[in-house]
Amino acid sequence: MTGLERRQIKGAACVLMTFLWLMPIAAWADDSEVAIFSPGQAIELDGDEGLALFELVIDGTAPSMNVARLSHRKSTPPPHDEPVSRKRSSVVRLDQAPTEWVVLRLREGWYQITEVDAPFFELPYRLDTSDDPLWRFCVVPGKTAYAGRLFIAKERRTDFVEVTLESRIAFQFETLQAHRDDWFGDANLIYGRAIPDPYVDTLLENWR
Amino acid sequence: MIRTLALVALWTASVGANAFTADEFFTHPDVSAAVLSPDGRQVAVIADVENEPAIDVIDTATGARRRLADQITLGASEASPLSLVWIDNETVAVTLVELRAGVENLLDTKGTRRLVMLTEGTNEASTRVASVRTSGRMVGALPESPDEFLYARSGRVSRVYRVRASKLNDDALPRTKLTRIDGGQFVASNAVASVDGFALHWFEGEGGQPHSVLHLGESGALLSVFRDDGKTDKLYEWSADTMDESADDPVFFPLARTRTEDTYFAVDLSDEERRTIFRVNYRTEEVDEIYRAGEYPIFGVTLAPGASDAIGVQELRDGQVTTVYIDEQGVRYQDEADRDGTQQRIRIDRSPDGQHELFYLEDHNAPGRFEVVHNRQSRLVGSEHPNLNARLTSRLETATVDVDGLTVPYLLTLPGREHPQPWPLVVIPHGGPVDVYDDAGFEPTVQFFAANGYAVLRVNFRGSGGFGDTYRDAGKREYGAGMLRDINAAVAAVAARPDINADRIVVAGFSYGGYAASMLGIRHPETYRAAVTLMGVSDLGLFVAQSDWPERAREWGEDYIGDPWTDAASLAEQSPDMLLDQLRVPLMIVHGGKDEVVDIEHAYRLKVRLDQLGKDYEWQIYPETGHNLGDLEDRRDLHRRVLAFLDRYARL
């Protein structure tokens with residue numbers, strides 16, 4: 001592929017992305033696909049639904065992740081050191097993300113990111129995260145739960161794809177504060193990761 | 001009024017006395033590696049010319065230095081010299097590596113290295129430059145055969161060829177259709193060894209002949225040793241799925257052969273930081289850790305030619321390849337007696353007749369120098385930082401303090417006597433912290449502060465390396481407790497000295513040292529007047545809950561720091577970002593935007609919380625810097641700012 005062809009494809013992708021931004025993406029999603037929205041979008045939530053907030057810093061062709069609801073009904077995180085049964089997983093097509101910040105509309109409960117697909121042109125890559133408790137997040141009815149920053153990049157100089165899910169909430173705190181009203185409205189921001197984080201608990205105590 | 005003026009005058013005098021600015025102190029190394037010609041009459045060095053590499057030759061009898069090739073001659077706009085080897089008394093082979101493309105990729109199969117032969121003329125313009133056009137890499141020189149060297153090509157079958165430097169095409173001459181690439185020397189009749197599969201690395205034996213080879217097979221990688229009949233015996237094998245940089249188990253990748261049978265210097269590919277050299281016996285699978293670099297990843301090890309007691313460890317510093325010389329035991333100072341500031345003197349090369357020897361010298365207050373000894377006469381032939389030679393007047397003292405039944409060693413660097421006493425004290429806890437230690441080698445940051453009138457205290461607190469497994473393991477889960485007690489006990493001992501101003505103590509550290517500095521500032525405002533955290537951890541729970549840590553790293557974190565799930569509360573109690581309401585002293589926060597070891601989130605956690613609490617702090621982010629002190633420009637700026645910050649509170 002020539003550089004010109006690559007630029008043309010990139011340009012076409014930009015047009016497509018703009019188109020996607022304007023369309024109700026959920027209309028295309030089948031049963032096993034989770035709809036993906038920008039945080040500022042007007043999203044109607046059912047009584048048992050909430051939002052999971054992700055920051056996406058992703059690269060590659062058609063990255064996606066699979067999420068599965070855990071059979072854990074308590075509000076406290078599921079046990080980190082024993083298996084937790086889960087429902088069938090659904091796919092989140094990250095290349096359809098309208099912005100760097102996205103929310104997923106999901107039923108209340110705990111979720112496991114079971115797999116991240118990060119294919120690069122010459123390097124198909126799949127990370128199995130199904131047993132890793134660091135890849136869990138919660139959804140609380142009527143709230144927006146911060147689930148972390150998903151990072152996908154091919155490391156320079158190597159054939160290694162880096163995939164991480166980390167808390168970057170302090171790094172982005174200014175952004176979150178700046179969008180307090182237009183992003184979250186009545187859906188208060190809460191800490192949504194399974195790994196305990198007393199700092200973020202303290203930080204968000206006075207969010208409202 | 002007169003008293004105030006006198007104090008100001010005294011302060012000005014103390015700062016002015018032999019003080020260094022950061023710009024003056026921190027420079028690119030003038031000479032970063034040196035090798036002796038076979039006859040001992042010349043030393044070839046990798047030099048720096050206005051931040052660009054060059055190759056110089058120094059006459060060992062007269063000290064006269066002349067340029068063999070600059071970067072343009074080398075054709076190295078994107079490459080840096082990795083190593084030098086004399087082919088004979090006239091020709092030097094320079095291996096260049098493309099820094100952007102492949103220097104850190106040890107499983108490099110893309111040919112990012114290039115070999116250039118430089119043959120001396122009467123002046124720089126007459127140096128003959130001949131590049132090897134055939135893709136591959138140099139195996140070694142052949143000491144018994146002037147003009148000849150061994151060069152390896154990799155492919156489905158990999159071969160080593162005997163090549164004559166004089167038959168390579170001169171880069172300055174135009175090539176025609178009749179020109180045979182590399183003099184047509186890569187032919188079967190010149191092959192001296194071969195192996196099936198793509199060869200990643202060839203290891204020299206005595207006399208320069210191939211001894212063993214690391215190569216790819218059908219199911220993975222193999223380390224094979226040559227027999228006398230030219231065939232190979234498998235010494236070790238890695239399956240394809242284990243030869244992976246994300247592997248959970250260590251993957252010891254051999255970089256150089258030691259003089260001991262079946263034993264190689266190696267790095268662990270699964271260690272993302274790649275800052276440790278191991279000695280690995282691939283037959284018995286015995287592994288010893290022998291050297292750990294401070295800030296930079298290691299990507300190469302070379303044995304000093306002609307000498308059996310030194311190796312060079314190649315680190316990538318500030319975009320340049322830098323060789324760190326260590327003895328074959330891997331430590332710069334082998335025992336307690338040597339830690340007291342005795343000059344490091346390592347023989348790094350020797351002429352075959354033994355008449356000339358090349359030494360690398362380093363002191364706590366003098367950066368590396370290269371010295372040739374001939375007929376018991378020694379001559380300095382190059383220095384890493386000649387601007388600092390004989391200008392640093394600090395003294396080093398070592399002592400111990402007893403804490404919790406442990407004997408805790410520390411190093412105290414005292415400024416020269418031209419700086420008026422009592423001196424302010426800056427405490428610099430080391431990073432790591434486990435298995436890392438401070439030694440009596442040259443440490444630029446320490447000497448920078450000493451040259452600016454500070455006494456500098458470095459404590460090898462529990463958990464530090466180099467003092468045995470028991471001492472290292474005493475650091476388990478003591479990040480915010482025992483380690484800090486050790487530092488405080490040493491500070492108390494030093495503060496009792498009459499030449500130290502106990503009311504002017506500040507603390508600054510990098511990585512774990514930054515964590516320790518924050519914690520000491522928060523918990524002991526009665527001792528420390530200010531604290532600086534450089535790329536420091538601020539939240540222990542966040543640090544041990546990294547999703548890209550392999551299982552082995554997570555187990556290590558749980559063992560040495562704490563379990564992020566079950567110990568969350570106790571980790572929070574030992575985390576600076578959760579204790580900032582208690583902060584009473586000025587805090588400076590410095591971080592790199594590309595830090596992949598301690599994420600920049602750690603710095604922002606401090607910032608956001610301090611903003612919430614309405615507390616002042618100093619804030620400096622270097623967007624392009626990783627988990628180190630940055631390139632030369634950032635490093636200078638960082639030291640300038642940190643010194644100015646500390647001066648505000650330590651020189652009141």
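Naming convention: chains lettered A, B, ... in sequence-line order (proteins, then strands); numbering from 1 in each chain.
- For B/F543 and B/W549, the gap between ring centers is short of 6.0 Å.
- Between B/W565 and A/H80, the ring planes are parallel. Angles under 30° get that label, and only those over 60° would be called perpendicular.
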**Report entry** Candidate pair A/T175 and A/W101, rule side chain to side chain contact (heavy atoms under 4.5 Å, CB included), full reasoning
**Finding:** CA-CA 10 Å; A/T175 303; A/W101 289 89; 4.1 Å; yes
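- In terms of non-hydrogen atom pairs under 4.5 Å with chain B, the most contact-rich of A/T164, A/V200, A/I195 is A/I195.
- Applying a 4.5 Å heavy-atom cutoff, none of the residues of residues 613-624 of chain B approach chain A.
- Ranked by heavy-atom pairs under 4.5 Å with chain A, the list B/R554, B/H602, B/K607 is led by B/R554.
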Query raised in the report: Going through the distances and angles, do A/D128 and A/W135 end up as a side chain to side chain contact (heavy atoms under 4.5 Å, CB included)?
Result: CA-CA 10 Å; A/D128 179 0; A/W135 291 80; over 6 Å; no
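- Proximity to chain A is absent for every atom of B/D611, based on heavy atoms less than 4.5 angstrom apart.
- Of the two parts of B/D539, only the side chain, counted from C-beta on, holds a non-hydrogen atom closer than 4.5 Å to a non-hydrogen atom of chain A.
- Residues B/S547 and A/E166 bring a donor and an acceptor atom of their side chains to less than 3.5 Å of each other.
- Residue contact with chain B, scored on non-hydrogen atoms closer than 4.5 Å, is absent for A/L127.
- For B/A545, the parts lying near chain A are the backbone and the side chain together; criterion is any non-hydrogen pair under 4.5 Å.
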Requested in this report: Any chance you could lay out the side chain to side chain contact (heavy atoms under 4.5 Å, CB included) test for A/R193 and A/S167, step after step, and finish with the verdict?
Outcome: CA-CA 8 Å; A/R193 305 190 69 210; A/S167 176; 3.7 Å; yes
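- In this structure, the portion of B/D563 lying under 4.5 Å from any heavy atom of chain A is its side chain and not its backbone.
- Considering only heavy-atom pairs separated by less than 4.5 Å from chain B, the leading option among A/G148, A/A170, A/P133 is A/A170.
- Aromatic pair B/Y604/A/F173: centroids not less than 6.0 angstrom apart.
- Heavy atoms of other residues, nucleotides or ligands lying less than 6.0 angstrom from CD of A/E174 number 12 at most.
- Aromatic rings of A/F137 and A/Y111 (six-membered ring for Trp) have centroids within the 6.0 Å cut-off, being under it.
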**Report entry** Verdict with supporting geometry, A/L45 and A/R105, side chain to side chain contact (heavy atoms under 4.5 Å, CB included)
**Finding:** CA-CA 8 Å; A/L45 298 176; A/R105 183 181 64 193; 3.6 Å; yes
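- Between chain A and the options B/A603, B/A569, B/P564, B/S575, the largest number of non-hydrogen pairs under 4.5 Å is found for B/P564.
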